[in-house]
There are 2 protein chains.
Amino acid sequence: MSERRVTIRQVAAEAGVGLGTVSRVLNGAADVSDCTRQKVEATVQRLGYRPSLRARSLRQSRSMAVAAIVPELVNPVLMEFLRGVERTAEERGYVVLIGETHRSAARESRLVERLVDEGIDGVVLGGPLVARDAELLRDHNVPVVPGAEEAGSTAYSAAMERAQAAATRRMVRRLLELGHRSFVLVIGTLPRWAVIEQYRRARTGAIRTELRRAEAKLEVLSVDMSRVFESCREQLGAHMAGPDHATAVISYSHVLAPGVLSALQRCGVHIPADASFVTFGDSDWAMAHQPALTVVRHDLFAEATWLTARLLDHVEGREEDLVPPAVEAELVERESCGPAPGTRVASSTGSSARRGAP
Amino acid sequence: MSERRVTIRQVAAEAGVGLGTVSRVLNGAADVSDCTRQKVEATVQRLGYRPSLRARSLRQSRSMAVAAIVPELVNPVLMEFLRGVERTAEERGYVVLIGETHRSAARESRLVERLVDEGIDGVVLGGPLVARDAELLRDHNVPVVPGAEEAGSTAYSAAMERAQAAATRRMVRRLLELGHRSFVLVIGTLPRWAVIEQYRRARTGAIRTELRRAEAKLEVLSVDMSRVFESCREQLGAHMAGPDHATAVISYSHVLAPGVLSALQRCGVHIPADASFVTFGDSDWAMAHQPALTVVRHDLFAEATWLTARLLDHVEGREEDLVPPAVEAELVERESCGPAPGTRVASSTGSSARRGAP
DNA sequence: CTGTTAGCGCATTCAT
DNA sequence: ATGAATGCGCTAACAG
């Protein structure tokens, strides 16, 4: 129907009022007479006028858009994160630009530059940024959550790490309690600025500490993320064929789990009879797997929701310093963990069995 | 560092050249002397100047941004779609706005209006749109792929439907060949404008046709998407308890599969001994499941890639009418399908065994 | 080759 | 309460 974009001038002309008046009506300014207001609104309707957000953005230097930067979109766990961002942004009238770095510093830089040039209102991070990009953002006064770890770490990321570490420790202890003494941790090879690097440190640190204390063995296997299945097969095949192979297998990431499970099966390792299995990150599939998978679950959706709300508060000037929510990370025990082969376990104290939907 | 945004004027002033010259250098116009070009570039560097994309957008009425509209982000299959869009958009210098309708008409409308106002360059659809929104887009000359089905359907969606139907038929025939005569199709209850509605029609149509021809029984179970696990348990529990329960279970969607599998297991149904299982949509988890799942796979990533490329070609004026690619949909046979209980099967002709990563 | 002018569509001063 | 002017930062069309 409409040939050319209808502008605010046309509305003004058609309604026989001044240009600014239309603007006032649109923005719900208080001081407009009911008479003119209705006249304008009618004209707006009739002409099918829609204000141009880019003109508005240029004028107000606010774009009502935020960006979510994540390493990759394949990871369902990061999807949860993205969902959380999208949800709260949408609720508050913002759109979200998706930024996938593909774990490439070059792409990340291009992306961040583009976002800055776009005049984005803020960015929420699903993973760490290389220093240069973080600086660029800071130099252009683009708010970022979680905030840069100036002098250590922010209250939020500290809480997050603590939660991760705590759940991880519970997981390891439970495994030790079940008699396991030989562990293998399967981890994806990643560039130095890996997925939510803070988590990584928290997790691996907790595992190492607990295991050292119990004088248990830990082998770390790095698999090639670009060929997870094959790589898992090779690495685990070699390891499990060895004389004293692990009886407890920990998958560092939700995306790794299928590869690890598949490899284990091909090695003829039965879960949980021959070995126990646990992974970070939960999903319906982990629940439906047979046996159902024990996981360390972290509610990234909730986290993203909270972070985004915080970002938008900041953007909108309203600096309510919300207390960080209880960042939840929990051990969900299901069937993939059992006593180490040839072990008799007394009781399963301290286990927090959960089965609810993820 | 930078107090205020540095503009093109400052660069011009600092470099001692005209305003337009800087613009020319920035846009790589041919007719600039090397001398001035270098002078300008140096100044740009020194001042850390970054052109404002919103000003540029306003002027050129092109935003270099496209939107991807999907019903939901939870579905990993739609994620694949989103990945495809993001990938090719990024390659060509566009950013992508994510639009999640949450399967709500109201949200969809808000979203589309916002996108139109934003002056988006185009939108790629991961699901159908309500008529009103499609019109709004059309009225504002926003290109959309897949195109509206004017007078039936576009060449593309026709090809897509054909591919879906063909793979679905192969799947059903294979099941019949294995001796199954009683089927159950588990499907999510959705608003009328469901996920990629075209697929749905293609799939269910193909299933019904094949089954009718073979005089086999089909029961359709609708589960509540908001509580998949519980709903599956109830529905399937009731059905499988009946006297002549199905021996072949088809899950309509990838997100449904975990719920269905879990319910089946709780019913004491062993796969594939007691019943065969197949789902639409593949993933690492489907491969790693025990038994590994037979699936009808459709490469949504490839599809999104192609669609987006086509959209951008259109946006950029270059109207190369690419021939639709061979839209792949294939039956991937794995271990979750076997002969119907009490049946002896001759050979497994016509089966296309595949095991590659998804 | 380069400087100047005129808007893109809007919100925001100012006057009235 | 409202109309008129100013400019957000940029590109395009025009002069020189």
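Naming: A, B, ... by sequence-line order, numbering from 1 per chain. All values reported here derive from a predicted model rather than from experimental measurement.
Between the CZ atom of Arg24(B) and the P atom of dT11(D) there is a distance of 11 Å, rounded to whole Å. Rounded to whole Å, the distance from CD1 on Ile8(B) to P on dG7(C) is 19 Å. Taking atom CG of Asn27(B) as the reference point, atom P of dT2(C) lies 15 Å away to the nearest angstrom. Atom CD of Glu118(A) is separated from atom P of dG9(D) by 16 Å (rounded to the nearest Å). Regarding His140(A), its NE2 atom lies at a distance of 13 Å from the P atom of dG9(D), rounded to whole Å. We find that CG of Asp117(A) is positioned 10 Å from P of dC10(D), with the value rounded to whole Å. The distance between atom CD of Gln10(A) and atom C1' of dC8(C), rounded to the nearest whole Å, is 13 Å.
Contact check of residues 47-67 of chain A against DNA chain D (heavy atom, cut-off under 4.0 Å) returns Leu58(A), Arg59(A).
The phosphate of dT2(C) has OP1 or OP2 within less than 4.0 Å of a side-chain N or O from Ser33(B). Under 4.0 angstrom from either OP1 or OP2 of dC1(C) there lies no side-chain N or O belonging to Thr21(B). For dC8(C), neither phosphate oxygen OP1 nor OP2 lies less than 4.0 angstrom from any side-chain nitrogen or oxygen of Thr7(A).
With sequence neighbours left out, Tyr49(B) forms a side-chain hydrogen bond (donor to acceptor under 3.5 Å, both in side chains) with no residue at all.
Leu26(A) comes within contact range of no nucleotide atom at all, as no heavy-atom separation falls under 4.0 Å.
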Considering only distance and modelled atom types, tabulate donor-acceptor pairs under 3.5 Å from the side chains of residues 112-125 of chain B, sequence neighbours left out.
unit_1, atom_1, unit_2, atom_2, d
Glu113(B), OE2, Arg132(B), NH2, 3.3
Arg114(B), NE, Glu118(B), OE1, 2.9
Arg114(B), NH1, Gly93(A), O, 2.6
Arg114(B), NH2, Ser63(A), O, 3.4
Arg114(B), NH2, Met64(A), O, 2.8
Arg114(B), NH2, Glu118(B), OE1, 3.0
Asp117(B), OD1, Arg50(A), NH1, 2.7
Asp117(B), OD2, Arg50(A), NH1, 2.8
Asp121(B), OD1, Ser63(B), N, 3.1
Asp121(B), OD1, Ser63(B), OG, 3.4
Asp121(B), OD2, Ser63(B), N, 3.2
Asp121(B), OD2, Met64(B), N, 2.6

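Using a cut-off of 4.0 Å between Lys/Arg side-chain N and Asp/Glu carboxylate O, Arg103(A) and Glu108(A) are scored as not salt-bridged. The pair Glu72(A)-Arg83(B) fails the salt-bridge criterion, with no side-chain N (NZ, NE, NH1 or NH2) lying under 4.0 Å from an Asp/Glu carboxylate O. Contact check on Glu316(A) versus Arg92(A) returns a salt bridge, with a Lys/Arg side-chain nitrogen under 4.0 Å from an Asp/Glu carboxylate oxygen. Looking at Glu14(B) and Arg46(B), a side-chain N of the basic residue comes within less than 4.0 Å of a carboxylate O on the acidic one, giving a salt bridge. In this structure, Asp34(A) does not pair ionically with Lys39(A), as no charged nitrogen and carboxylate oxygen lie closer than 4.0 Å.
With distances taken from any side-chain atom of Arg9(B) to the nucleotides dC10(D), dT2(C), dG3(D), the minimum falls on dC10(D). Considering only the side chain of Leu19(B), dT4(C) comes nearest among dT2(D), dA5(D), dT4(C).
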